[in-house]
Amino acid sequence: MTASLSPSSFHSRRTARSLAPRRLLAALGLVAGLVSAASAQTVMRINISIGKDSHQGVAIDTFAKEVEQRTAGRYKIETFYAGSLGGERESIESVQLGTQALTLTSTGPVPNFVPDARILDIPFLFRDKAHAHAVLDGPIGQEMSKKFEPKGFKVLAWCDNGVRHMTNSKRDVNLPDDLKGLKMRTMENPVHVAAYKSLGIVTTPMAFPEVFTALQQGTVDGQENPLSVIMAAKFDQVQKHVSLTGHVFSPAVFLMNKSMFDKLSADDQKAFMEAAKAGTVANRARVDADDAKGVEYLRSKGVTVIDNIDKAKFAAKMAPVLADFEKQFGKDNIDRIRNTK
Ligand code: EAX
């Protein structure tokens, strides 16, 4: 190093010599280690609107662990829960802007960003979870994922929010007419709002983090969500009546900022996609477990659960609005989903 001949570096060399050589080496090594660890690790955030102990919590926890493992720690995923970084709509917006790398969200607020995604939230569209999985994990899901890209999102994987059921604090709901006049919080989703209005519900779209308080204070009488969410959010503390209406399957989706995804190496892109798939596996297993124990759990909390709902009656009441969805989103597109085996 020619620079070592300059007076100042000579001076610093002398200063260095005055330190015990081993301690100096250790100190330099530590500094170098910190610098390389800091420069080699990229930290990204992912969040959900519900608590950690939930079907979405296991999804992002699994994803974070898998990304770290599959990239040998070059990527660290920080996980945030219970809307601490905002509700779903806000979080999707942060991912679109790139102020946050990732989010896991129900499709509820997604149509505000990707209008084509409205089709996924049509009531009584999916026969059951297996049907929904076949659609989302197959060609239709892949085509839908592509529609997110011009809007600034990369879909890493589809997963489940679950099959939604009605809850309220006022009365047992056995038949569609029992819903008439109930003030219910809905997701910020135009398809849900139109469908629930047709049942006579007074709809109040609201971000999820506000829902518990709104139910507690009686701002709204009820809401609808899968058993997984009802339990995770402890809605049994503020709702007395649950009806297993199963009126809509609610997908969830791992979203990443598209340009951040594009900047990853091909191997790392694969690692993120595989990690999200592992998150989906954990998520769906938890949804199944929640669905299996949910009714008993809620009854043990003193909630009345009506589990013999005639769903055909609810579908019949919604028939005009369902026909209108066929016009809006294309009967062919809807039939293609319906006909998926
Ligand atoms: O994603 O907003 C909702 O009702 C969602 O189902 C919930 O936040 C879980």
Side-chain angles (χ1 to χ4, degrees), residues 46-61 63 79-95 102-113 117-118 120-123 126 129 132 136 155 157-168 183-193 195-196 201 203-216 219-236 238-239 242 244-255 279-280 282-284 286-287 290-291 294:
I46 190 166
N47 75 320
I48 52 174
S49 70
I50 65 173
K52 178 178 170 74
D53 183 11
S54 67
H55 62 315
Q56 295 185 8
V58 299
I60 65 169
D61 289 351
F63 172 73
T79 48
F80 297 85
Y81 312 91
S84 62
L85 294 185
E88 292 185 328
R89 187 184 172 127
E90 286 170 278
S91 303
I92 297 168
E93 194 168 36
S94 301
V95 170
L102 297 140
T103 193
L104 174 66
T105 177
S106 77
T107 48
V110 167
N112 299 301
F113 302 85
R118 284 176 303 175
L120 297 177
D121 283 289
I122 296 177
F126 296 109
K129 285 187 274 188
L136 294 170
V155 171
W158 295 93
C159 58
D160 290 16
N161 193 27
V163 177
R164 302 179 82 91
H165 306 293
M166 307 271 180
T167 79
N168 80 91
K183 193 167 180 192
M184 294 203 15
R185 175 270 175 174
T186 74
M187 292 201 285
E188 298 162 281
N189 179 293
V191 174
H192 283 198
V193 171
Y196 305 159
I201 290 170
T203 52
T204 309
M206 190 186 290
F208 188 80
E210 295 164 39
V211 178
F212 186 92
T213 307
L215 293 169
Q216 191 174 42
T219 317
V220 291
D221 304 319
Q223 64 88 46
E224 44 76 59
N225 249 306
L227 291 173
S228 294
V229 176
I230 295 170
M231 288 191 281
K234 298 191 168 41
F235 285 162
D236 50 272
V238 286
Q239 298 282 269
V242 173
L244 299 190
T245 44
H247 53 278
V248 66
F249 174 84
S250 177
V253 64
F254 278 96
L255 292 179
T280 295
N283 156 265
R284 287 179 177 164
R286 174 65 187 258
V287 170
D290 287 344
D291 281 341

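One-based numbering, in listed order, for ligands and for the atoms of each.
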Practice item. Classify the ring geometry between F235 and F212 as parallel (under 30°), tilted (30 to 60°) or perpendicular (over 60°). Key: parallel
Point to revise | Nearest protein heavy atom with distance in Å, relative to atom 4 (O) of ligand 1 | key: R185 NH1, 2.7 Å
Review point. Hey, is Q223 touching ligand 1 through its side chain, its backbone, both or neither, going by heavy atoms under 4.0 Å?
Key: neither
Practice item. Consider only side-chain N and O atoms of N189 and Y196, and report whether a donor and an acceptor are under 3.5 Å apart. Key: no
Check your understanding: In a check of side chain to side chain contact (heavy atoms under 4.5 Å, CB included) between L255 and each of L102, V155, I46, L104, which one passes?
Key -> V155
Check your understanding: To the nearest 0.5 Å, what is the distance between CZ (F80) and CD1 (I60)?
Key -> 9.5 Å
Review point. What's the shortest distance from atom 7 (C) of ligand 1 to any protein heavy atom, and which residue and atom give it?
Key: F208 CD1, 3.6 Å
Study note, to complete from the structure: For N283 and Q56, the nearest pair of non-hydrogen atoms, with its separation, is ND2-N, 4.4 Å
Practice item. Check P111 against A117 and note the closest heavy-atom contact, atom names and distance. Key: CG-C, 4.4 Å
Check your understanding: Which atoms from ligand 1 have a heavy atom of Q56 less than 4.0 Å away?
Key -> 1 (O), 9 (C)
Review point. Any N or O on E88 sitting closer than 3.5 Å to an N or O of ligand 1?
Key: yes
Review point. Starting from atom 8 (O) of ligand 1, which protein heavy atom do you reach first, and at what distance in Å?
Key: S49 OG, 2.9 Å
Point to revise | Close approach of R164 to ligand 1, heavy atoms, under 4.0 angstrom | key: yes
Review point. Atoms of ligand 1 less than 4.0 Å from M187 heavy atoms?
Key: 2 (O), 3 (C), 4 (O), 5 (C), 6 (O)
